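As the structure is a prediction and not an experimental result, all values here were calculated from the model. Naming convention: chains lettered A, B, ... in sequence-line order (proteins, then strands); numbering from 1 in each chain.
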Amino acid sequence: MDLFIQLTLTGLTNGAILALAALGFVLIYKSSDVINFAQGEFLLVGAYVIFAMIAQVGLHWTIGMVLTLLIAVLLGVLVERLVLRPLIGEPIISVIMVTIGLSSLLRAIVSTIWGNQPKSFPPFIPSQPINILGATVGADRLWALVIAAVMLVLFNFFFTRSREGIAMRAVADDQQAALSMGISVKKIFAWAWSIAAATAAIGGALVANIVGVGPELAGFGLRVFPVVILGGLDSIPGAIVGGIIIGLLEAYTGGYIGQGLNQVLPFIVLIIILMIRPYGLFGQEIIERV
Amino acid sequence: MLTLNNVEVIYNDVILVLKGMSMEVPEGKIVGLLGSNGAGKSTTLKAISGLLKPEDGEVTDGSIEFMGQEIHHMDAADIVRLGIFQVMEGRRVFEHLTTEENLIAGGYTRREMNLKPDLEMVYHYFPRLKERRHQIAGYLSGGEQQMLAIGRALMAKPKLMMLDEPSLGLAPLLVMEIFEIIQRINKEQGTTILLVEQNANLTLAVADYAYIMENGRIVLEGKPEDLRENADVREFYLGLTEVGQRKSYRDVKHYKRRKRWLS
Ligand SMILES: Nc1ncnc2c1ncn2[C@@H]1O[C@H](COP(=O)(O)OP(=O)(O)OP(=O)(O)O)[C@@H](O)[C@H]1O
Ligand SMILES: [Mg+2]
C-alpha cells in the first residue's frame with residue numbers, strides 16, 4: 001500500500017510536469033498548425049536557466065523562477081519572430097524540419113554553456129519528507145504537483161474566460177475570420193510560443209529541483225510526444241490527462257514490474273489507444289455539417 | 001463615409017480582378033452591392049477591410065477612404081479599430097468555440113473590459129443565440145450561424161458593417177427575418193451597412209441606394225426604385241422580362257444585351 005501511494009505520487013508529479021510541457025506543444029499546434037519538435041528542449045533550457053540562477057548566481061528561488069519565466073517568454077518570442085514567421089506559407093514539412101533543427105541547436109547551446117556532466121544542486125524548493133497515508137514523499141514533489149496543478153487551472157481559465165485566450169482558440173479555428181475581427185494573428189503566434197516556452201520552462205525548473213540537471217533531461221522532454229499523441233494533438237484537457245496517464249503508467253510499471261519496461265509500456269498503451277481513437281483521447285474531430 | 005476611387009486589385013501579381021471600382025457609402029445608410037458570381041463583390045469588401053493580404057491580393061491602384069482617412073495600406077486589425085467590420089461570406093464561425101465565445105472574439109478590439117451589456121444587446125436582436133449560448137458553434141444550424149456571424153460584428157460596435165451574402169444558403173423565411181434585423185440594426189444602432197448580395201429583390205427592398213457590378217467595376221447605380229424600373233436589372237437581376245414573364249434563355253436579344261453588359 002505504501003509503495004502504491006508512493007508510486008502514485010511520483011507518477012502524478014511527473015505527469016503534471018509532462019502535462020505542463022505538453023500544454024505548450026498543444027498551444028502551438030492548435031494556433032499555428034506547427035508541430036514543435038523543440039518543445040522538450042524548452043524544458044531543458046528552463047531547467048538549466050533555473051540552475052544557473054540559483055546554484056551559480058545565488059538568487060532566491062522565487063526570484064530565479066520569475067527570471068526563468070521571463071527568459072523563457074523572450075526565447076519563445078525570438079523563436080517565433082526569427083525562425084517561424086519567415087516560414088509562414090512554406091510547406092509544413094519545412095516548418096517541421098526547422099523545429100527539429102531548433103531542438104538540436106538549443107541542445108548544443110546548453111551543452112556548450114553548461115557541459116555534459118550531470119549536476120545536482122541543493123533542491124531549492126523545501127524537500128523535507130512528508131508522511132501521507134503511511135508513505136513518505138519529499139515535500140518538493142508535492143510542491144511540484146501543486147505548482148503544476150495551479151498552472152493548469154490558470155491556463156484553463158485563460159483559454160475559456162479571457163478575451164486573449166478565446167482569441168487564441170479562434171485563430172486556431174479560422175485565421176482569416178479571426179483577422180476580420182481585428183485579432184492580430186502575428187501577435188497570437190507570439191503569445192502561443194512564449195506561453196509554450198514558459199510552461200515548459202516551469203516544468204523544467206520543477207524537474208531540476210527534484211533530480212538535478214543533466215543531458216538526460218532532454219529524454220524527459222521527449223516524453224512530451226507520447227503525451228500529446230495520447231491526449232490529442234490539439235486538446236488542452238488531453239495534454240493534462242495524457243500527461244497524468246503516462247506519468248502514472250511509468251511509475252507503476254517501474255515500481256511493480258521493473259525498470260526499463262517503464263520506458264516501453266507507455267508506447268504500447270499509446271498504440272492501443274490510437275487504434276481505438278485515431279485523434280487521441282480528446283483530439284478534435286473535424287466538424288462536418290451538411 | 002466610405003469612398004472607393006478607381007480601385008484596382010490584383011491577385012498573385014497577375015490576376016486583375018477589380019478594374020477601376022468606384023463607389024460611395026454615405027453615413028447612416030444601407031447601400032446594396034449586387035452582381036453575379038465572380039463579379040468581384042467579395043474582393044471589393046476584402047480590399048476595404050484589409051483582408052486581401054492572406055490571399056495574396058493587393059490594391060495596386062486607386063484609393064479607399066474612410067472618414068477622411070486613406071485605409072488601403074492599413075492592417076486589417078487597425079481597420080477594425082477604425083470601425084469597419086466585415087461579416088465574411090459563408091459565415092465563418094469558429095466551429096469549436098461556443099456561441100458566446102464566438103461573440104467575445106467578435107468584441108476583441110473593444111476597450112471595455114466588461115462585454116456583458118453588449119452580449120445582452122446581441123441576444124436582444126437574436127434571442128435564438130441566447131438559448132444556444134453554451135453550444136458549440138459548429139453544430140448550430142446554418143441560419144443560427146449567420147445570426148452568430150452578424151452578432152459577432154455587433155459586438156465590435158462598428159460604424160460600418162459590411163455583410164457578404166448573408167442570405168447564402170438560407171430558407172426564404174429566414175432570409176426575410178435576417179434582413180429585417182439588419183434594417184433594425186441600421187436604424188437603432190445607427191450602423192451604416194454595406195450589403196453585398198445576389199438576392200436583388202430583397203436588397204432593393206431594404207437599401208437606400210444600390211450599385212451593380214460586373215467584371216470588376218460598377219456598371220449601374222441608383223436608387224432602388226429607379227433600378228427596379230431599369231430593363232436590364234429587371235431581366236438579369238430580378239428575373240423578369242418587359243412584360244413581367246420569366247425570361248427565356250433562347251432569347252437572342254437577351255444574349256446581345258448580356259454581351260454588352262460584360263464587355
Ligand atoms: N484569392 C484569389 N486568388 C485568385 N483569384 C481570386 C481570388 N479570390 C477571388 N479571385 C477571383 O476574383 C474574381 C472575383 O471573385 P470574388 O470572390 O470577389 O467574386 P464575388 O463577386 O464575390 O462572387 P460570388 O458571388 O460568387 O461570391 C473571381 O474570378 C475569382 O476567381
Ligand atoms: Mg463573394
Would you give the length of the straight line joining atom [atom1] of [X] to atom [atom2] of [Y], rounded to the nearest 0.5 angstrom?
{"X": "I166(A)", "Y": "E101(B)", "atom1": "CD1", "atom2": "CD", "result": "5.0 Å"}
{"X": "M181(A)", "Y": "Y108(B)", "atom1": "CE", "atom2": "OH", "result": "12.5 Å"}
{"X": "R163(A)", "Y": "I104(B)", "atom1": "CZ", "atom2": "CD1", "result": "8.5 Å"}

For the student: nearest non-hydrogen atoms of A105(B) and A170(A), plus distance: CB-CB, 4.3 Å
Going by side-chain contact (heavy atoms from CB on, under 4.5 Å), S180(A) matches just one of M162(B), R92(B), M88(B). Which one?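 Only one option passes, and that is M88(B).
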Measuring heavy-atom distances to chain A, does [X] have an atom under 4.5 Å in its side chain, in its backbone, in both, or in neither?
{"X": "R110(B)", "value": "both"}
{"X": "R81(B)", "value": "side chain"}
{"X": "I79(B)", "value": "neither"}
{"X": "Q86(B)", "value": "backbone"}
{"X": "E55(B)", "value": "side chain"}
{"X": "A156(B)", "value": "neither"}

With only heavy atoms counted, which part of A178(A) is less than 4.5 Å from chain B, the side chain, the backbone, both or neither? both
When heavy-atom pairs shorter than 4.5 Å are enumerated against chain A, which of V87(B), D78(B), V93(B), L97(B) gives the highest number? L97(B)
If you tally heavy-atom pairs under 4.5 Å against chain B, which of R169(A), Q175(A), E164(A), R161(A) wins?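 Highest number of heavy-atom pairs under 4.5 Å: R169(A).
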Given L179(A), V185(A), T160(A), the one with more heavy-atom pairs under 4.5 angstrom with chain B than any other is L179(A)
Looking at D174(A) and F94(B), would you say the former's side chain and the latter's main chain have a donor-acceptor pair under 3.5 Å?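 Judged by distance alone, no pair lies under 3.5 Å.
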Other residues, nucleotides and ligands only: do more than 12 of their heavy atoms fall within 6.0 Å of CZ on R85(A)? yes
If you draw a 6.0 Å radius around CG in L173(B), do more than 12 non-hydrogen atoms from other residues or ligands fall strictly inside? no
